[in-house]
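Worksheet: the structure to be examined is printed underneath.
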2 protein chains.
Amino acid sequence: MGRRSDHSREEIQAMAIDAAAKLVETEGFQSLTARKVAKAIGYTVGTLYHVFRNFDDLVIHLNAQTIDEMAALIQQQIRKKRNPEMRIRVMAEFYVQYATDHPDRWRLVFEHQAPRGLPTPELMKERRDVMFELVAENLREIAPDRIPHEVAHTATALWSGIHGICILALTGKLYLGGAFSMVKLIETLVDSVLHEFRHR
Amino acid sequence: MGRRSDHSREEIQAMAIDAAAKLVETEGFQSLTARKVAKAIGYTVGTLYHVFRNFDDLVIHLNAQTIDEMAALIQQQIRKKRNPEMRIRVMAEFYVQYATDHPDRWRLVFEHQAPRGLPTPELMKERRDVMFELVAENLREIAPDRIPHEVAHTATALWSGIHGICILALTGKLYLGGAFSMVKLIETLVDSVLHEFRHR
DNA sequence: GTATAAATTGAACGCCGTTTAATAAAGCGG
DNA sequence: CCGCTTTATTAAACGGCGTTCAATTTATAC
């Protein structure tokens, strides 16, 4: 049947992304399908393909929204802090918090793979580095005379490490040789890298 | 049709795992399918299901083999070294090396998810912690008087961090704010955590 | 040599992402 | 208000997926 125009293209896009987010949270990212999303917003798959290039495109939009959400939460939390070292600690704490609260949305960001060969869309490039940038900013404040390359290097090492703890914990692959908390693990990593960064 | 007995159950299992490994390396882990594996070993899907419980079971066996291969490579490398700190460095170096050489097999180990609710099979439980144990052993040698819990904690933090760098690099999600090498990033993390571990 | 047990197949099921022809509605020029 | 064009939407189809199962062929045991 024909066009209803109950919703604009942008509205349908937003509805689809929100529905996808909800499906991912309730059923897990592995079982997200185009048909489920379409059904959830009262359309058929065809309409989804009218609004997104393909299923990966939808996932990429969802992931962008997830990153924005997480980044907003974290930036809101560090705005309350004045000490750059404290800010980095809080960032790590709430990164873990968000990942724990939304494990499937968070994993989808990192485990989704755009079709082989196709370039990463600008949509993601812009967002990919937001956390690294935030860490780098605060490292710069801790040691203003360090060359930018060194700051970037440390930010990358530190944040990749935190990410590693996070993902192993969430996927149940963390070493359990002594029952410890994720928070303490993160603390150890932050302490170690920040200490090394300062005294070198 | 009917039983040929050209190969025993165990032979078919081994052939399937090897074929799967090859397919993962050549076509990527996302496009591994039961039908392709069956075709590669000259059987039909039905036979695969006679030998594996399901497709996840096949993947789990492949992943176990991948971990064994990687662990063997690493243990062979550190046998040459006497210094425990040096051993940890070499472990990290060859962990990255293996991941870089076999990106899809390595990613499959960490991104495959056994069906929700089902317990992790013993097959994987045994192997999941092999790298952590290896790190812990050498940390113990570096500081023999530390309580086991502290050693396990540090091993977990360090190795999770290295894993994080590894996976972000391989999935193209690493911060590129200053063109640095993976090797240097790993070095920074190892240096930082080992230093903190010693002087505390 | 025949009965029994096991291995292997091909076809089916219900899903998946994706494409497409048909159709219904909206917008528009007169 | 009427046709005409454009666009939104649908249902149906395609090939491929993991999985199941009845049918069939073979090896083995007696």
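Letters go in sequence order (proteins before strands), and every chain restarts at 1.
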For [X] and [N], what is the distance between atoms [atom1] and [atom2] respectively, to the nearest whole Å?
X     : N      : atom1 : atom2 : value
A/H7  : D/dA8  : NE2   : C1'   : 13 Å
A/I41 : D/dT9  : CD1   : C1'   : 12 Å
B/R9  : D/dT26 : CZ    : C1'   : 16 Å
A/D57 : C/dT19 : CG    : P     : 12 Å
A/F52 : D/dT9  : CZ    : P     : 13 Å
B/Q30 : C/dC16 : CD    : P     : 18 Å
A/L23 : C/dC16 : CG    : C1'   : 15 Å
B/L48 : C/dG10 : CG    : P     : 14 Å

Using the side-chain contact (heavy atoms from CB on, under 4.5 Å) definition, which of the options B/K81, B/R82, B/Q77, B/Q75 pairs with B/R79? B/Q75
Table of protein N/O atoms under 3.5 Å from nucleotides 18-20 of chain D N/O atoms:
from   : atom 1 : to    : atom 2 : distance (Å)
D/dG18 : OP1    : B/A34 : N      : 3.3
D/dG18 : OP2    : B/A34 : N      : 3.1
D/dG18 : N7     : B/R35 : NH1    : 2.4
D/dG18 : O6     : B/R35 : NH2    : 2.8
D/dT19 : OP2    : B/Y49 : OH     : 2.4
D/dT19 : OP2    : B/F55 : N      : 2.7
D/dT19 : O5'    : B/Y49 : OH     : 3.1
D/dT19 : O4     : B/R35 : NH2    : 3.3

Which of parallel (below 30°), tilted (30 to 60°) and perpendicular (above 60°) describes B/F52 and B/H61?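 The arrangement is perpendicular - the two ring planes meet at more than 60°.
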Does atom NZ of B/K184 have more than 12 heavy-atom neighbours from other groups under 6.0 Å away? no
So the salt bridge (Lys or Arg N to Asp or Glu O under 4.0 Å) pairs with at least one residue in residues 138-155 of chain B (sequence neighbours excluded) are B/R87-B/E141, B/R146-B/E150
Report yes if some heavy atom in the side chain of A/M91 is under 4.5 Å from a heavy atom in the side chain of A/I78; otherwise report no. yes
Contact check, side chains of A/D18 and A/I41, non-hydrogen atoms, under 4.5 Å: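 In short, these two side chains do not touch, never coming nearer than 4.5 Å.
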Looking at C/dT9, C/dT8, D/dA8, which one has an atom nearest to any side-chain atom of B/T44?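 Among C/dT9, C/dT8, D/dA8, the one nearest the side chain of B/T44 is C/dT9.
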Looking only at side-chain atoms of B/Y43, point me to the closest of C/dT9, C/dA7, D/dA11.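 Nucleotide nearest to B/Y43's side chain: C/dT9.
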Compare side-chain N and O positions of B/H50 against OP1 and OP2 of C/dT8 and report whether any pair is under 4.0 Å apart. no
Of B/F29, B/Y98, B/Y95, the residue whose pairing with B/W106 passes ring-ring contact (aromatic ring centres under 6.0 Å, His included):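 Of the listed residues B/F29, B/Y98, B/Y95, the ring-ring contact (aromatic ring centres under 6.0 Å, His included) partner of B/W106 is B/Y95.
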With heavy atoms under 4.0 Å as the rule, sort A/I12 into base, sugar-phosphate or nothing.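 Sugar-phosphate, no base atom in range.
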